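Everything below concerns the one structure shown next.
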Amino acid sequence: MFSKSFMDELLKPQQLYSHRTMKTVLTRLAHSSIMRLNPASMDRLYELMIMAFKYQVLLSPRPRDLLLISYNHLDAARAFVRDTPAVLNQVDETHRKIIEVYSRLSDGEFQLLRQTLLTFLQDVHTRVSVFLKNQIQNPSGRFVLMMSGPVPAGVDVPGLIRTFDPRGREVGRSEFPPGGTYSGSVGEGSFELSGDRVLRLGQNLWFWFCLVLVEPCGPFSVLQLDRTNPLAKEELNLLARLMGCMKAGSVPAAAPRFRISLFPSDPEEEEEGGAPAEQAAIFQVINIQAVQDEEAASALARIAGQFTDEEAELENPSGSKGDDLLAMMDDL
């Protein structure tokens, strides 16, 4: 991902890619590792990535803060590979190239860049559970913009009108309700290769949303929920055990156990897992019909196929804008 040829291609001045090309790039990046996802899961991953990025772009205090968001992304990538000097050097070199290309842009150019990104993202309204739970996204999928908090660096707190005479001397002041509770700036973030970015956008979203619920536990954390649904607490404790933060021996012997069956079991699976009666004595089995109707699925596939060629011709009559980039990824 941080190879010189790939980053040189990305940083060339070019038209914005389509969602289809962006999804293809993400798929190839994801599948370059050991991770393998089916098309439905990859679509969901793409939507989650797009919504997280849309949240960061919408809440950026200033257009230039898009750089700080990207630097937070690079700082996180740098932390992942800090024990691999060769890859760490590639991340640092990519960071230097981004500083070289974007640091000389004016505020107006950054505003145009931000507006272009928002135009690309405006029709995406996928609902994300962590956003809904923290009340930063409406059930319609639209984000809630906060009307309080610190103002950007170099900006005055709203609520004051100052009047000047032709000589530039202040002759009067008046106040007005700004519609929110604002405070002074917390400082300017570092635009260098390293330093305090100040801006939290671009950092681990789960960490900041769940900070008040998390207690340290080695490399991972156990969620402590005291005044909540006991079943929710058990589910989170199960997740913590799967992640290696809690010993399985700490689970009470009388804890309720259940098993979910999404698909009909094959005879071989039933023989391997034990008789149904024995399983029923141990687990409470919940059966969910998750098998697709083959006739309905084939009909939908046939209808979707009729639109595929027409959409491709309308969207890209002379070839995809990302063909060169995708071909380079294949070579890499």
Side-chain angles (χ1 to χ4, degrees), residues 1-13 29 49-118 121 130-131 134 136 143 145-146 148-158 182-212 214 216 218-221:
M1 180 176 178
F2 292 101
S3 65
K4 184 178 183 303
S5 57
F6 183 65
M7 294 310 304
D8 287 343
E9 180 68 23
L10 277 183
L11 294 177
K12 288 181 180 178
L29 285 175
M49 179 200 69
I50 287 294
M51 291 304 295
F53 181 63
K54 181 177 181 179
Y55 169 74
Q56 296 166 8
V57 175
L58 273 175
L59 269 68
S60 58
R62 304 170 301 174
R64 187 172 292 273
D65 287 335
L66 291 175
L67 274 182
L68 294 179
I69 295 174
S70 299
Y71 293 168
N72 278 332
H73 294 165
L74 289 170
D75 290 342
R78 189 179 287 110
F80 290 146
V81 299
R82 60 176 177 268
D83 297 328
T84 311
V87 184
L88 182 60
N89 290 335
Q90 287 184 321
V91 177
D92 289 340
E93 184 61 27
T94 298
H95 199 158
R96 293 188 186 95
K97 288 181 180 179
I98 292 177
I99 292 176
E100 178 184 352
V101 171
Y102 290 100
S103 60
R104 61 174 181 263
L105 297 184
S106 65
D107 290 337
E109 289 173 315
F110 273 111
Q111 173 61 23
L112 179 60
L113 179 61
R114 181 174 182 268
Q115 190 64 35
T116 303
L117 291 174
L118 292 176
L121 301 168
V130 67
F131 291 153
N134 287 273
I136 65 173
F143 287 110
L145 299 181
M146 301 301 295
S148 60
V151 298
V155 177
D156 295 330
V157 176
Y182 297 96
S183 59
S185 171
V186 295
E188 180 77 37
S190 173
F191 288 86
E192 302 301 325
L193 194 63
S194 60
D196 185 6
R197 312 298 179 194
V198 178
L199 192 68
R200 291 182 177 181
L201 296 173
Q203 296 181 351
N204 190 323
L205 291 174
W206 179 259
F207 173 77
W208 291 114
F209 289 154
C210 302
L211 184 62
V212 296
V214 172
F220 298 100
S221 299

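Computed from a prediction, not measured in an experiment: that's the story for all the values here.
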Checklist entry - Should Leu67 and Leu105 be marked as a side-chain contact (heavy atoms from CB on, under 4.5 Å) after you check the CA-CA gap, both sets of side-chain angles, and the distance that decides it? => result CA-CA 11 Å; Leu67 274 182; Leu105 297 184; over 6 Å; no

A side-chain contact here means heavy atoms from C-beta on lying under 4.5 Å apart; do [X] and [Y] qualify?
| X | Y | answer |
| --- | --- | --- |
| Leu66 | Leu117 | yes |
| Pro61 | Leu199 | yes |
| Leu121 | Ile50 | yes |
| Ser183 | Pro150 | yes |
| Leu74 | Phe2 | yes |
| Leu58 | Leu118 | yes |

Atom pair [atom1]/[atom2] of [X] and [Y] - distance to nearest 0.5 Å:
| X | Y | atom1 | atom2 | value |
| --- | --- | --- | --- | --- |
| Ile136 | Phe143 | CD1 | CZ | 6.5 Å |
| Thr94 | Asn89 | OG1 | CG | 10.5 Å |
| Leu113 | Arg64 | CG | CZ | 11.0 Å |
| Arg200 | Leu59 | CZ | CG | 13.0 Å |
| Leu201 | Ser70 | CG | OG | 11.5 Å |
| Asn204 | Asn72 | CG | CG | 11.0 Å |

Next on the checklist: Apply side-chain contact (heavy atoms from CB on, under 4.5 Å) to residues Asp75 and Arg78 and explain how you reach the verdict.
Outcome noted: CA-CA 5 Å; Asp75 290 342; Arg78 189 179 287 110; 2.8 Å; yes

Checklist outcome for this item: What one should report as the nearest heavy-atom pair of Ser194 and Ser190 is O-OG, 3.2 Å

Checklist outcome for this item: Note: Pro158 and Val151 closest approach over all heavy atoms is CD-CG1, 3.9 Å

Item to check | Qualifying residues under side chain to side chain donor-acceptor pair (under 3.5 Å), relative to Arg62, sequence neighbours excluded | outcome: Asp65, Glu188

Checklist entry - With sequence neighbours left out, what residues match Asp196 under salt bridge (charged side-chain N to carboxylate O under 4.0 Å, His left out)? => result none

Checklist entry - If only atom types and distance count, is the side chain of Ser106 paired as donor or acceptor with the main-chain N or O of Glu109 below 3.5 Å? => result yes

Item to check | Criterion side-chain contact (heavy atoms from CB on, under 4.5 Å) on Val198 and Val186, from CA distance to verdict | outcome: CA-CA 8 Å; Val198 178; Val186 295; 3.4 Å; yes

Tell me which donor-acceptor pairs under 3.5 Å the side chains of residues 96-103 have, and how far apart each pair is, sequence neighbours excluded?
from   : atom 1 : to    : atom 2 : distance (Å)
Lys97  : NZ     : Asp8  : OD1    : 2.9
Ser103 : OG     : Ile99 : O      : 2.4

Item to check | Stepwise side-chain contact (heavy atoms from CB on, under 4.5 Å) test for Phe80 and Val87 | outcome: CA-CA 10 Å; Phe80 290 146; Val87 184; over 6 Å; no

Checklist entry - Would you find more than 12 non-hydrogen atoms of other residues, nucleotides or ligands less than 6.0 Å from Glu192 atom CD? => result no

Checklist entry - Can you say whether the rings of Tyr71 and His95 are parallel (under 30°), tilted (30 to 60°) or perpendicular (over 60°)? => result tilted

Checklist entry - Which word best sums up how the rings of Phe53 and His73 line up, parallel for under 30°, tilted for 30 to 60°, or perpendicular for over 60°? => result tilted

